**Student:** 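Once you've had a glance at the structure underneath, I'll fire off some questions.
Predicted model only: the values in this text are computed from it and were never measured. Ligands are counted one by one from 1 in listed order, and the atoms in each one are counted from 1 as well.
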Amino acid sequence: MVSQILFIAITLAAVALFSYNLKKVIRNIRLGRAVDRSDQPQKRLMTMLKVAFGQTKMFFRPLPAFLHFIVYAGFVIINLEVLEIMIDGIFGTHRIFGGLGIFYDVLIGSFEFLAIGVWIACVIFLIRRNILKLKRFSGVEMTSWPRSDANYILITEILLMTAFLTMNAADAKLQAIGAGHYTTAGSFPVSQFLQSILPDSESGLIAIERGCWWFHIIGIFAFLNYLPYSKHFHIIFAFPNTYFSNLEPKGEFTNMQSVTNEVKAMLDPSFTPPDAEPGRFGAKDVNDLNWVNLMNAYTCTECGRCTSVCPANITGKLLSPRKIMMDTRDRMEEVGRNLDKAAKNKEEANITGFDDGKSLIDTYITREEIWACTSCNACTQACPINIDPLSIITELRRYAVMEESQSPASISTMLGNIENNGAPWKYSPADRFNWAKES
Ligand code: SF4
Ligand code: SF4
């Protein structure tokens, strides 16, 4: 009875803490501007099923895709077993689904194969990151925390899978010696090889089985509450992120409604602009971006596929699209903390959370970075979960040009030429066909 009460208390605390942190993340995402992504629901659903659920874009790199798929399948399928753990924990039963007979045996057997698959995949991932030191996992933005974050999760998954298999091995031995409460259920094709290293005494086996059971479920709760602080939030956000992703052809720029309204008002005196506050042109800070941009930032897995194909980054420029996403997330988190502090101190004046003298552009992302982008869309094409770093870069550039009249000299000259000559070159329109004249 004590263990049931303890289990229920831990479960409620874990769920409450996660809900509290999730609410804050959603609050931060809602700081973004409105954008309508309610169109084409069927196409959106198909995109989500293909890209997030089916992981189709991952398979451009088959080896990591295969390993990632095992971890992903393991995560989804083995956690069905969590349902049994939950029911057993609440009602004090043991292997409640054991009555399903052969179906249960097949289920536990396949969980064990998946568990060992996840274990091996995580070890390979650790080797790729820490021993082979693949270039994709390095970069100025990959400071000690992002590197540790990836390692922590891989090590946790290895420990969880080890606990799961050890628990099963001890359970199978307890079933074999007819220990009370341990009903005969399940098949153990992988964990049977661990049985020889376990003790033979009933009390020793019960201690190991219970210890692993508690470690497994507390580990899952800890993992759940670690997600909001980690790039592994993508296991939740990948689904809404792909559903709400941009379905327009790549390279098609978004129209700025505020500019359209201004032009219409100039050309048509009868046009009345909508009352809505136009805000600033482009984005200076995270609240000038739209909410999908902000959700993108929380979803980024920091995999670096975007940066590895970015021509600016490849040719040694400062720009890294992964850093753009990580900076956006960091700034959003900072604004969120400002909001929490303001709410705590009831500081009405600072209630927006942005009055800290910082901004996304300049404090986090430099002008050199945004102007290094060629707008090629290679990053959006490469991203396995349809994140769009280019749209953030574009908004920051729009702010620099339209609010501050600042742009690199080469671009200012080109804009001036377009304005004066109707073309990016320095020639008068009258001289445009000089090249075709006989010399
Ligand atoms: S669109 Fe910009 S950031 Fe993205 S890959 Fe091309 S140059 Fe790099
Ligand atoms: S934006 Fe996409 S491709 Fe780039 S690091 Fe994030 S998840 Fe990976």
Side-chain angles (χ1 to χ4, degrees), residues 47-48 51-52 55-61 64-65 68 72 125 128-129 134-143 145-147 149-150 153 227 230-242 244-246 248-254 283 289 292-330 332 360-361 364-398 400 408 411:
T47 305
M48 183 182 80
V51 179
Q55 306 201 352
T56 44
K57 287 178 84 179
M58 287 287 291
F59 281 89
F60 289 113
R61 295 178 193 231
H68 185 269
Y72 164 73
F125 281 143
R128 280 161 55 89
R129 281 181 177 269
L134 293 196
K135 191 170 179 289
R136 186 155 62 88
F137 301 124
S138 63
V140 282
E141 66 277 22
M142 297 306 281
T143 50
W145 168 248
R147 276 208 301 270
D149 178 28
I153 288 292
L227 290 183
S230 161
K231 74 186 184 100
H232 292 84
F233 222 5
H234 74 270
I235 62 176
I236 295 174
F237 271 113
F239 296 91
N241 194 75
T242 45
F244 292 113
S245 57
N246 186 9
E248 302 311 319
K250 286 189 176 48
E252 184 176 315
F253 275 116
T254 51
L289 296 169
V292 176
N293 293 141
L294 301 187
M295 185 167 65
N296 279 183
Y298 272 117
T299 314
C300 178
T301 69
E302 298 168 15
C303 68
R305 288 173 183 235
C306 52
T307 299
S308 70
V309 296
C310 171
N313 188 275
I314 292 169
T315 51
K317 312 280 191 315
L318 211 54
L319 176 64
S320 159
R322 170 173 56 192
K323 178 176 175 293
I324 300 290
M325 301 317 301
M326 291 168 73
D327 285 343
T328 305
R329 175 175 167 153
D330 288 349
M332 198 173 19
L360 182 61
I361 192 162
Y364 284 82
I365 300 171
T366 62
R367 310 267 166 161
E368 190 180 340
E369 287 170 79
I370 59 171
W371 291 113
C373 177
T374 64
S375 317
C376 66
N377 265 301
C379 52
T380 57
Q381 178 65 31
C383 180
I385 40 179
N386 285 0
I387 286 173
D388 182 0
L390 176 56
S391 66
I392 296 179
I393 295 171
T394 305
E395 290 305 313
L396 295 174
R397 282 177 169 186
R398 280 175 169 168
I411 290 174

**Student:** Which heavy atom in Lys57 sits nearest to a heavy atom in Asn386, and how many Å separate them?
**Tutor:**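 Minimum heavy-atom separation between Lys57 and Asn386: NZ-OD1, 2.9 Å.
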
**Student:** Quick check on Pro384 - does any of its heavy atoms sit under 4.0 Å from an atom of ligand 2?
**Tutor:**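 Judged by the 4.0 Å heavy-atom criterion, Pro384 does count as contacting ligand 2.
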
**Student:** What class does the angle between the rings of Phe233 and Phe237 fall in, given that below 30° is parallel, 30 to 60° is tilted and above 60° is perpendicular?
**Tutor:**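 Ring orientation, 0 to 90° scale: perpendicular.
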
**Student:** Kindly say whether Trp145 contributes a backbone atom to a donor-acceptor pair with the side chain of Asp149 at under 3.5 angstrom?
**Tutor:**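 Checked: no pair found.
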
**Student:** Among all protein heavy atoms, pick out the one at the shortest distance from atom 6 (Fe) of ligand 1; state its residue, atom name and that distance to 0.1 Å.
**Tutor:**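 Result for atom 6 (Fe) of ligand 1: Cys376 SG, 2.3 Å.
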
**Student:** For a distance under 2.8 Å, give residue and atom name for each protein N, O or S atom next to atom 6 (Fe) of ligand 2.
**Tutor:**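 Those protein N, O or S atoms (cut-off: under 2.8 Å from atom 6 (Fe) of ligand 2) are Cys300 SG.
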
**Student:** Kindly identify the option in Ala378, Cys379, Ser391 whose heavy atom sits closest to atom 4 (Fe) of ligand 1.
**Tutor:**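 The residue whose heavy atom sits nearest atom 4 (Fe) of ligand 1 is Cys379.
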
**Student:** Heavy-atom distances under 4.0 Å are what count here, so tell me which part of Ile393 touches ligand 1: side chain, backbone, both or neither.
**Tutor:**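 Contact part for Ile393 vs ligand 1: side chain (C-beta onward).
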
**Student:** Which heavy atom in Ala52 sits nearest to a heavy atom in Thr242, and how many Å separate them?
**Tutor:**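 That would be CB-OG1, 3.4 Å.
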
**Student:** For the pair Arg129 (side chain) and Phe137 (backbone), establish whether a donor and an acceptor sit closer than 3.5 Å, ignoring hydrogens and angles.
**Tutor:**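 No; zero donor-acceptor contacts below 3.5 Å.
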
**Student:** Check the pair Leu289 / Leu360 against side chain to side chain contact (heavy atoms under 4.5 Å, CB included), numbers first and verdict last.
**Tutor:** CA-CA 10 Å; Leu289 296 169; Leu360 182 61; 3.9 Å; yes

**Student:** What atoms of ligand 1 come within less than 4.0 Å of a heavy atom belonging to Asn377?
**Tutor:**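 Those atoms are 1 (S), 6 (Fe).
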
**Student:** Any sub-3.5 Å donor-acceptor pair from Thr380's side-chain atoms to Asn377's backbone N or O?
**Tutor:**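 Present.
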
**Student:** Return each pair, listed once, that meets salt bridge (charged side-chain N to carboxylate O under 4.0 Å, His left out) where at least one residue sits in residues 294-322; pairs must be two or more places apart or across chains.
**Tutor:**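 Every pair satisfying salt bridge (charged side-chain N to carboxylate O under 4.0 Å, His left out) with a residue in residues 294-322: Glu141-Arg322.
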
**Student:** Give the single entry among Leu319, Ile392, Thr394, Asp388 that approaches atom 3 (S) of ligand 1 most closely by any heavy atom.
**Tutor:**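 Nearest heavy atom to atom 3 (S) of ligand 1 lies in Leu319.
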
**Student:** If the cut-off is 2.8 Å, does any N/O/S atom of Cys373 fall short of it from atom 8 (Fe) of ligand 1?
**Tutor:**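 Here the distance criterion (N, O or S atom, under 2.8 Å) is not met by Cys373, so no.
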
